[in-house]
Number of protein chains: 2
Amino acid sequence: MTVTLADVAARARVSPATVSRVLNGNYPVAASTRERVLRAVDELDYVLNGPASSLAAATSDLVGILVNDIADPFFGIMAGAAQTEIGGQEGTGRAGGEKLAVVCNTGGSPERELTYLTLLQRQRAAAVILTGGALEDPDHIAAMTAKLSRLADAGTTVVLCGRPPLPGSDAVVASLAFDNRGGGRRLTEHLLTLGHRRIGYVAGPVERTTTRHRLEGHRAAMAAAGLGGDTAEQERLTVHGPYDRRSGYDATLELLRRDPELTAIVAANDTVALGACAALRDQGLRIPHDISVAGFDDLPFSVDAVPALTTVRLPLFEAGARAGRLAMGNEAPPPGGIASIAAELMARDSTAPPRA
Amino acid sequence: MTVTLADVAARARVSPATVSRVLNGNYPVAASTRERVLRAVDELDYVLNGPASSLAAATSDLVGILVNDIADPFFGIMAGAAQTEIGGQEGTGRAGGEKLAVVCNTGGSPERELTYLTLLQRQRAAAVILTGGALEDPDHIAAMTAKLSRLADAGTTVVLCGRPPLPGSDAVVASLAFDNRGGGRRLTEHLLTLGHRRIGYVAGPVERTTTRHRLEGHRAAMAAAGLGGDTAEQERLTVHGPYDRRSGYDATLELLRRDPELTAIVAANDTVALGACAALRDQGLRIPHDISVAGFDDLPFSVDAVPALTTVRLPLFEAGARAGRLAMGNEAPPPGGIASIAAELMARDSTAPPRA
DNA sequence: CTGTTAGCGCCTTCAC
DNA sequence: GTGAAGGCGCTAACAG
């Protein structure tokens with residue numbers, strides 16, 4: 001029924017071993033023989049049996065890219081960049097030694113994250129890239145550390161992208177961590193420099209590294225300006241929620257309720273900031289005249305917002321591409337396996353000095 | 001080194017076959033035996049060898065979801081919905097009979113589309129979902145038709161989502177096609193009703209079904225209103241470009257150059273519309289006072305645009321979920337394997353009557 | 001309900 | 001540079 005390697009061998013009048021060698025290209029084969037084999041492959045429309053090949057070789061050409069939310073361009077950009085770097089840009093049609101880069105959407109659920117890792121482990125994946133912030137629950141961290149060790153033992157290359165290093169684990173080849181803390185600090189410093197003193201903060205989901213680091217940066221800047229306040233005050237000006245538009249909308253209304261004198265709102269990311277803007281507009285407030293708004297990530301749409309959104313740029317594409325190369329072993333890991341990726345303040349029109 | 005099914009069998013004092021049966025759950029096994037096996041699995045931290053399993057069973061648990069641009073929420077939403085429907089929401093941790101739903105980013109390249117299909121074919125994928133518009137190049141269509149037949153022959157379920165049916169192919173189980181033509185027509189009718197007569201059109205990339213259908217809808221509405229004009233006139237008011245913000249920006253400037261009297265711009269999709277809005281603002285034009293703008297898709301950010309974007313809503317999430325169910329065989333295919341999915345006009349603030 | 005027996009299709013030493 | 005042979009780990013008939 002389906003054509004096998006043996007069929008190709010018969011047609012090319014060589015042994016199966018030889019066919020295997022030309023297909024994998026990692027062994028010397030006479031040019032004439034190779035050509036004969038390749039011709040037979042095309043004539044028979046032969047497609048390698050991946051499972052059989054993976055079983056025999058004890059490794060597959062699958063590379064998994066885990067993301068928290070595939071509908072969020074934050075992840076889409078990183079994943080796309082990584083996939084480009086991995087999938088090869090050739091396109092010979094015949095599909096030679098390409099890797100199969102695939103993205104898996106965890107939806108932010110820790111269980112699904114682990115399930116996907118198990119599934120990838122089951123497939124004997126060549127590499128796994130974990131993107132985005134990590135959950136800070138101790139149990140989950142322990143489970144992840146164990147799972148990643150298991151993967152690494154089985155020969156899977158593990159790379160972290162936009163996620164802080166896993167303490168005490170040598171399973172990870174490289175961690176590319178965004179400087180969320182520094183970015184958060186600079187963003188709030190920008191607001192302070194403009195003259196803002198009462199700043200509301202729409203944070204991301206609790207127990208996420210990204211959420212915590214950005215918030216820490218914000219509070220560090222506030223504290224440095226002598227505006228830290230006590231814990232109760234800090235919490236009063238902070239509302240947590242998911243990384244979506246709705247959350248930004250609701251949280252902003254809540255912050256306004258808690259303190260109508262707010263002159264600025266800092267959002268966990270650009271999407272949340274958009275929701276915040278909508279809420280403010282619905283309250284009849286003008287941005288930045290009545291109140292300033294800032295986001296984080298600098299997604300493509302942020303520059304088109306009205307007014308253009310002040311935010312912190314993260315080099316998502318570059319980071320994803322680098323993660324892809326690291327996963328493929330095409331780039332040397334950074335010293336210590338850890339790299340911090342700079343976050344750059346993009347001051348635009350949604351922030352301005354507060355009204356007198 | 002790595003623990004195999006035989007190890008589990010030995011520890012549970014049963015035969016390998018029995019272990020296989022409880023793991024696959026598709027065969028009666030005594031409760032006590034099952035429990036013993038499961039315990040052994042946990043104690044040994046056993047993970048099924050996917051390739052071996054796929055080789056023996058001649059099918060894998062891989063399901064591929066092909067998208068044109070993973071950084072575009074249009075695809076992210078559909079892919080995420082499909083993945084949720086396929087990946088199972090259980091999360092037992094142990095990972096039982098779950099499918100591995102993975103998304104593959106073709107970047108809109110026909111070669112990569114074929115390469116990914118070959119890779120998936122190689123893996124003996126259980127199902128493949130193709131999302132988004134298709135390229136209309138005859139050679140590519142022929143290659144795709146052949147490839148999909150090959151896949152179907154090998155037992156892979158093929159589902160189309162947001163893509164018109166492949167004529168003369170029985171390889172596809174179901175095609176969910178958006179009513180792009182109808183949506184495009186209703187959108188332009190809305191503009192005509194408002195009183196617009198000179199409408200510029202920023203189209204998507206040429207040779208794409210999505211592009212063509214939306215444009216046809218637009219022109220049908222124009223023609224019905226006696227405003228069709230000749231071919232030269234139609235082309236003068238149409239500029240093609242990729243589905244991104246930049247394209248919308250540039251194309252809008254070009255349209256304005258060609259006809260400064262335009263009172264409305266229709267964009268290929270919401271992202272493009274955002275670019276168009278930016279260009280118009282930079283020209284000092286107010287929306288919708290000086291000129292109206294409309295998009296397509298109704299992505300989440302469109303309602304937050306300023307002014308809120310008039311567009312055509314496509315039920316992306318629902319369509320993706322349905323495609324996922326169809327791929328899993330959890331839903332009966334529509335009659336004839338083809339379903340048209342309605343597109344609903346969302347009239348918002350970016351369109352208004354033209355200035356007197 | 002459970003055990004036994006054959007492969008699934010390929011890679012990989014080992015000879016030649 | 002090429003062929004021959006064994007086995008990767010699991011599933012799927014068959015028996016029982």
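Labels below follow one simple rule: chain letters A, B, ... track the order of the sequence lines, proteins then strands, and each chain is numbered from 1. All heavy atoms count here, side chains included; hydrogens, waters and symmetry mates do not.
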Original post:
Within this structure, what is the OH-to-C1' distance between Tyr46(A) and dG9(C), rounded to whole angstrom?
Top reply: 7 Å
Original post:
Are the charged groups of Glu331(B) and Arg322(B) less than 4.0 angstrom apart, N to O?
Top reply: yes
Original post:
Which of the following nucleotides, dC11(C), dG9(D), dG1(D), is nearest to the side chain of Ala30(A)?
Top reply: dG1(D)
Original post:
Of the nucleotides dT11(D), dC10(C), dT13(C), which has the atom closest to the Ser53(B) side chain?
Top reply: dT11(D)
**OP:** May I ask you to evaluate whether Thr18(B) reaches the phosphate of dG3(C), defined as a side-chain N or O under 4.0 Å from OP1 or OP2?
**Re:** yes
**OP:** Look at the side chain of Arg21(A) against the base of dG3(D) and say whether a donor-acceptor pair falls under 3.5 Å; ignore hydrogens and angles.
**Re:** yes
Subject >> Nearest listed nucleotide, side chain of Ala52(B), among dT2(D), dG9(D), dC10(C) >> reply: dG9(D)
Original post:
Between Arg124(B) and Val29(B), which has a closest nucleotide on DNA chain C that is more 5'?
Top reply: Val29(B)
Original post:
Leu55(A) near the nucleic acid: base, sugar-phosphate alone, or nothing, with a heavy-atom cut-off under 4.0 Å?
Top reply: base
Original post:
Quick one: is Thr33(B) getting a side-chain N or O under 4.0 Å of the dT2(C) phosphate, OP1 or OP2?
Top reply: yes
Subject >> Candidate nucleotides dT4(C), dT11(D), dC10(C), ranked by approach to the side chain of Ala57(B) - the nearest >> reply: dT11(D)
**OP:** Whole angstrom is fine here: how far is it from CG in Asn26(A) over to P in dT13(C)?
**Re:** 11 Å
Subject >> For atom CG of Leu48(B) and atom C1' of dC8(D), their distance in whole Å >> reply: 14 Å
Original post:
Can you tell which of dG7(C), dC11(C), dG3(D) lies closest to the side chain of Val14(A)?
Top reply: dG3(D)
Original post:
Could you state the CG-C1' distance from Asp61(B) to dT11(D), rounded to the nearest angstrom?
Top reply: 14 Å
Original post:
Would you say a side-chain N or O of Ser20(B) is under 4.0 Å from OP1 or OP2 of dT11(D)?
Top reply: yes
**OP:** Output the distance between atom OG (Ser60(B)) and atom CD (Gln123(B)), rounded to the nearest 0.5 Å.
**Re:** 6.5 Å
Subject >> Comparing Tyr27(B) and Ala17(A) on DNA chain C - which has the more 5′ nearest nucleotide >> reply: Tyr27(B)
**OP:** Write down the distance between CG (Leu23(A)) and P (dC11(C)), rounded to a whole number of angstrom.
**Re:** 7 Å
Original post:
Rounded to the nearest Å, what distance is computed from the CZ atom of residue Arg34(B) to the P atom of nucleotide dC1(C)?
Top reply: 10 Å
Original post:
Taking atom CG of Leu114(A) and atom CG of Leu119(A), what is their separation to the nearest 0.5 Å?
Top reply: 11.5 Å
Original post:
Looking at Glu113(A) and Arg163(A), does any basic side-chain N land under 4.0 Å from a carboxylate oxygen?
Top reply: yes
Original post:
Counting side-chain heavy atoms from C-beta on, which of dT11(D), dG1(D), dC10(C) comes nearest to Leu5(B)?
Top reply: dT11(D)
Subject >> Spacing of Asn330(B) atom CG and Glu85(B) atom CD [to the nearest 0.5 Å] >> reply: 7.5 Å
Original post:
Considering only side-chain heavy atoms of Asn24(A), which listed nucleotide, dT2(D), dT4(C), dC11(C), is closest?
Top reply: dC11(C)
